[in-house]
Amino acid sequence: MPDYFALQGSVPEFNTPLPVGQLYFPSRERYKRALRKIFDRQYYTNQGPIVRELENRLEKLLGVKNVICVNNATIGLTITAEALELFGKVILPAFTFIASAQSLMWAGLQPVFCDIDRVTLQMDMKHLHSLIDQNVSAIMGVNLWGGACSPHVLEKMAKDYKVHLYFDSAHAFGCAVNGKMIGNFGEAEVFSFHATKILCATEGGCVCSNDDDLAMRIRNIRSSYGSGALIKVIKTANGRMSEAQAAIALMSLDDFPENQKHNAELYMTYKELLSSIAGLDLVEPSGVSFSNYQYVVCIIDEGQFGISRDLLLRVLRAENILVRRYFYPGLHRTTPFADNIPDKLKRLTNTDKVCESCMQLPVGALVSVEDVGRICKIISAAHNNAPDLFVQFGEEH
Ligand SMILES: *Cc1c(COP(=O)(O)O)cnc(C)c1O
């Protein structure tokens, strides 16, 4: 099949690039109506009525006592670490977005990286167990890929070791574990409402907690201008969410059930069309009774698939299918963390393997079932033509 692929010079499968993020947009009419209210009131920010409505609706939906909206998840994680008065080291997986670890840097804490399970891609409990020592003050669980990192097990571990426990749940809005909504585990959980996440505030996020005292400290560190009790805190962060962000988030929340269903349908379509391809494993959201299917990720076994993950990535990107390596590399190999890690912790076998073989596929509101069919056709063709592709491009870097 000469020149079948755009990488070989033929016309790309898609005219416009197909993104991997969620990218939700309400209709212009709804957007105008929502924004008009802000202009009528002439009130932009400082815990306005729209932010308050968003917090109330999230508290109800998640069944959590306190939701504190913030202007992004990273500041939410940083504020939570401050409010918990953590010290020394905090354990988190190396296989996560860099912001999880950067929030610790901003809070003056030292990240300690834990390996992951090869199948679930969530934190490896055995390895985590081995990393606990006197200088560890907390575990930051990261619920990845619309799945969960065994929050019940982590809760027991935190209690046994007397360390704090909170979660980066940026991938897990709307997910549940045995029917219990994510947002209710540990001392606090943080969601991101970034444009690429299933609940979109353009930029934004929230901290959830069932601990009223902790929530009050978080509110005061965030700075709230009049909402709730005033207590003394040492640092404040101006981490508030604006009315415009909250207005978008409310529309996104209204459409969450529809967007979740759409993602689930796309995931099922990928599953159906890719299951017979050797060397390609679709990652199932693990440990949850309900998933948002915010991400579709797969693992490429080069030996069986025929070409490497990196070459498949080039093939697909040339077709305007914007797949990406995510996460790459592991945080234990990223500046500045790599420089400060003792040699024995430099190799995280499973994280390293997964970082070399994991790929994120397009999903979300801008991707249709038909698009997924066309993506799978290209992936299938790449597998069938692997020997040719390897000869032509396999040696390039
Ligand atoms: C998106 C994301 C974040 C950061 O969220 P922001 O709202 O952009 O700060 C943190 N952790 C994970 C795992 C994420 O995916």
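Numbering of residues begins at 1 and proceeds along the displayed sequence. Atoms within each ligand, like the ligands themselves, are counted from 1 in listed order.
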Colleague: Could you check, using the six-membered ring where one of them is a Trp, whether H332 and F337 have ring centers closer than 6.0 angstrom?
Modeller: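 H332 vs F337: aromatic centres not under 6.0 Å.
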
Colleague: At under 4.0 Å between heavy atoms, is it the side chain or the backbone of D168 that contacts ligand 1, or both, or neither?
Modeller: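 The answer is the side chain.
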
Colleague: Should you measure from each heavy atom of G204, which atoms of ligand 1 turn up under 4.0 Å away?
Modeller: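 Within the 4.0 Å cut-off of G204, ligand 1 contributes 7 (O).
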
Colleague: Got a second to check how far L84's CG is from L109's CG, nearest 0.5 Å?
Modeller: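 Between atom CG of L84 and atom CG of L109 there are 10.0 Å.
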
Colleague: Does ligand 1 have an atom under 4.0 Å from some heavy atom of S100?
Modeller: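 For ligand 1, residue contact (heavy atoms, under 4.0 Å) with S100 is present.
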
Colleague: Among all protein heavy atoms, pick out the one at the shortest distance from atom 14 (C) of ligand 1; state its residue, atom name and that distance to 0.1 Å.
Modeller: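 It is A170 CB, 3.3 Å.
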
Colleague: Heavy-atom contacts under 4.0 Å between T196 and ligand 1: side chain, backbone, both, or neither?
Modeller: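 The answer is neither.
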
Colleague: Quick one: nearest non-hydrogen protein atom to atom 3 (C) of ligand 1, plus distance?
Modeller: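 It is F97 CD2, 3.6 Å.
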
Colleague: So, applying salt bridge (Lys or Arg N to Asp or Glu O under 4.0 Å) with K65, which one of D212, D213, D211 is it?
Modeller: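 For K65, the salt bridge (Lys or Arg N to Asp or Glu O under 4.0 Å) test succeeds with only one of D212, D213, D211, which is D212.
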
Colleague: Would you say the ring centroid of F327 lies under 6.0 angstrom from that of W145?
Modeller: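 Yes: the rings meet the under 6.0 Å criterion.
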
Colleague: Would one find an N or O of T74, backbone or side chain, under 3.5 Å from an N or O of ligand 1?
Modeller: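 In this structure, T74 places an N or O atom under 3.5 Å from an N or O of ligand 1.
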
Colleague: Is ligand 1 under 4.0 Å from a heavy atom in the side chain of A73, in the backbone, in both, or in neither?
Modeller: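 The answer is both.
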
Colleague: Main chain of N178, side chain of S289: is a donor-acceptor contact present, judged purely on distance under 3.5 Å?
Modeller: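 Judged by distance alone, yes, a pair lies under 3.5 Å.
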
Colleague: Please state which protein non-hydrogen atom is closest to atom 15 (O) of ligand 1 and give its distance, to 0.1 Å?
Modeller: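 For atom 15 (O) of ligand 1, the nearest protein heavy atom is H171 NE2, 2.9 Å.
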
Colleague: Identify, by atom number and element, the atoms of ligand 1 in contact range of T96, meaning under 4.0 Å from any of its heavy atoms.
Modeller: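 Reading through ligand 1 atom by atom, the close ones are 13 (C).
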
Colleague: Please confirm whether H194 comes within less than 3.5 Å of ligand 1 when only nitrogen or oxygen atoms on both sides are compared.
Modeller: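 No; the residue has no nitrogen or oxygen that sits under 3.5 Å from a nitrogen or oxygen of the ligand.
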
Colleague: Are K126 and D115 ion-paired here, with the side-chain N under 4.0 Å from a carboxylate O?
Modeller: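 Salt bridge between K126 and D115, a charged N being under 4.0 Å from a carboxylate O: no.
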
Colleague: Just to be sure I'm reading this right: ignoring hydrogens, which of Q294, K197, E203 gets closest to atom 2 (C) of ligand 1? Compare them by their nearest heavy atoms.
Modeller: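 When every heavy atom of Q294, K197, E203 is considered, K197 comes closest to atom 2 (C) of ligand 1.
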
Colleague: Over 60° means perpendicular and under 30° means parallel, so classify the ring planes of F193 and F173, tilted if in between.
Modeller: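 Geometry flag for F193 against F173: perpendicular rings.
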
Colleague: Taking atom types as modelled and ignoring hydrogens, do the side chains of N259 and Y24 form a donor-acceptor contact shorter than 3.5 angstrom?
Modeller: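 No pair is found: no donor N or O on one side chain lies under 3.5 Å from an acceptor on the other.
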
